[in-house]
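Here is the structure we will look at.
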2 protein chains.
Amino acid sequence: MRISREKVAENRERLIQVATDQFREHGIDGIGVADLMKEAGMSLGSFYGYFDSKEHLVSECCAHAVADVKEKITSAFSRSLTNPVEKTVDEYLSTAHRDELAKGCGLAALGSEFAHKTEAVHAAATPELISLFDEMARSLPGSSRKKKREQSIAMMASLMGGLILSRMTDDAKLSQDILEAVKSSVKSSVRAC
Amino acid sequence: MRISREKVAENRERLIQVATDQFREHGIDGIGVADLMKEAGMSLGSFYGYFDSKEHLVSECCAHAVADVKEKITSAFSRSLTNPVEKTVDEYLSTAHRDELAKGCGLAALGSEFAHKTEAVHAAATPELISLFDEMARSLPGSSRKKKREQSIAMMASLMGGLILSRMTDDAKLSQDILEAVKSSVKSSVRAC
DNA sequence: ATTATCTATAGATCTATAGATAATGC
DNA sequence: ATTATCTATAGATCTATAGATAATGC
């Protein structure tokens, strides 16, 4: 019951992918190692061949989740030629995104949990956050590089804040109002630049 | 070892207050009933005289936390006569607020956890959220009631999103950049109205 | 021979309950 | 007598490890 070295590297990647999805859906403390391994189709015991501890996995998944946001946002930016930013905002603040936790924005799914986690998690996420804002800034209109980075940060804060708020209620009307209000605010912020 | 009915009602309030602080600091899954009771100066067993379950307490604390945000924001609005909104924004996005989880904004401390919690939590938070946006709208400048409510929602999303982002990193410079970027963005949004 | 897997389990932690105790309030 | 407290513990869950098993790779 041993697998090849290629499979090992492959399994490790899949484990991070599966764990990231599960953390986004249930929260970091909302799912245990045993259930994660079951979801990945592996036994509990083999987990500790891949990671020293759950916290070690969490650090890697948090970095991976932020990198994932960067990939999704920049690919949404480059998907359309006309009004790419506005279309990205509409997609981000859609009910479809709101209702899809596992594959959605990791910042919105896990954001406030970061503050309660260890230094290791913050250290792992930091370079990915820096890279996220730099990459976003490239795709935004605006004068200076500095201004565009500020705009990226402010936009990301509004988007994730809006999505998080929309997920806090079971009132469909309120949730929709939140999405619409943030959408129009972010769009007019972009237009003002 | 029995206390008066007045003390019972008093203890219940204190328990909610202590639990709300602890949840904001450690996250909802980050602290157990035993430690909560120890923090409140009561024994574990007496908890279940006050609440059916931890989830029941969580629902009440989430509602309480949102009500608390409303109280803090509106009192900050009314604290100063000149530029009250800008001063509130500066306070909210200060390093002091960022570094004080237990007594800070409950939306920023717990926001993304709501999505992983039960219907009961959402139902408890909903009326408080509605009231929060209504109260904020009263204090904001703007034309129509509807516009002011939209502005309140968008502002709250930006503020909490910004604070959450600033708490995701251990890089002091990045964290400060986030606070400043969101500050200036929110302020120019307010000015545009 | 090495190494990654599996099952089984230790040990810690967490929610909730049982039963005894003692102060309140009719 | 009622009721809220306390200590002790049941039962579930979760992280991590031990030891046996079997496939890989020198």
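Within every chain, numbering begins at 1; the chains are lettered A, B, ... in the order of the sequence lines, protein sequences first and strands thereafter.
dA22(D) is paired with dT3(C) under the Watson-Crick or G-U wobble criterion, all donor-acceptor distances under 3.5 Å. Pair check for dA12(C) finds dT13(D); Watson-Crick or G-U wobble, both atom distances under 3.5 Å.
Across the protein-nucleic acid pair, Leu15(A) atom CG and dA4(C) atom P stand 15 Å apart, rounded to whole Å. Atom CD1 of Ile3(B) and atom C1' of dA23(C) are 10 Å apart (whole Å). Per the geometry, CZ belonging to Arg5(A) stands 13 Å off C1' belonging to dA23(D), to the nearest Å.
Counting all heavy atoms, side chain and backbone alike, Leu174(B) lies closest to Leu129(A) at CD2-CB, 4.1 Å.
Of the residues in residues 28-59 of chain A, those placing a heavy atom less than 4.0 Å from an atom of DNA chain D are Gly32(A), Val33(A), Leu44(A), Gly45(A), Tyr48(A), Ser53(A), Lys54(A), in numerical order.
In summary, the side chains of Lys117(A) and Ser59(A) do not present any donor paired with an acceptor at a separation below 3.5 Å, with no hydrogens or angles considered. With hydrogens and angles left out, the side-chain atoms of Arg24(A) and Thr20(A) include no donor and acceptor closer than 3.5 Å. No donor-acceptor contact under 3.5 angstrom links the side chains of Thr169(B) and Ser175(B), judged on distance only.
The pair Asp177(B)-Lys146(A) fails the salt-bridge criterion, with no side-chain N (NZ, NE, NH1 or NH2) lying under 4.0 Å from an Asp/Glu carboxylate O. Under the 4.0 Å criterion applied to side-chain N and carboxylate O atoms, Asp68(A) and Lys72(A) are assigned as salt-bridge partners.
Side-chain atoms of Arg2(A) come within donor-acceptor range of the base of dT2(C), with a qualifying N/O pair under 3.5 Å.
Put simply, Asn11(B) has a side-chain N or O that comes within less than 4.0 Å of OP1 or OP2 on dT5(D).
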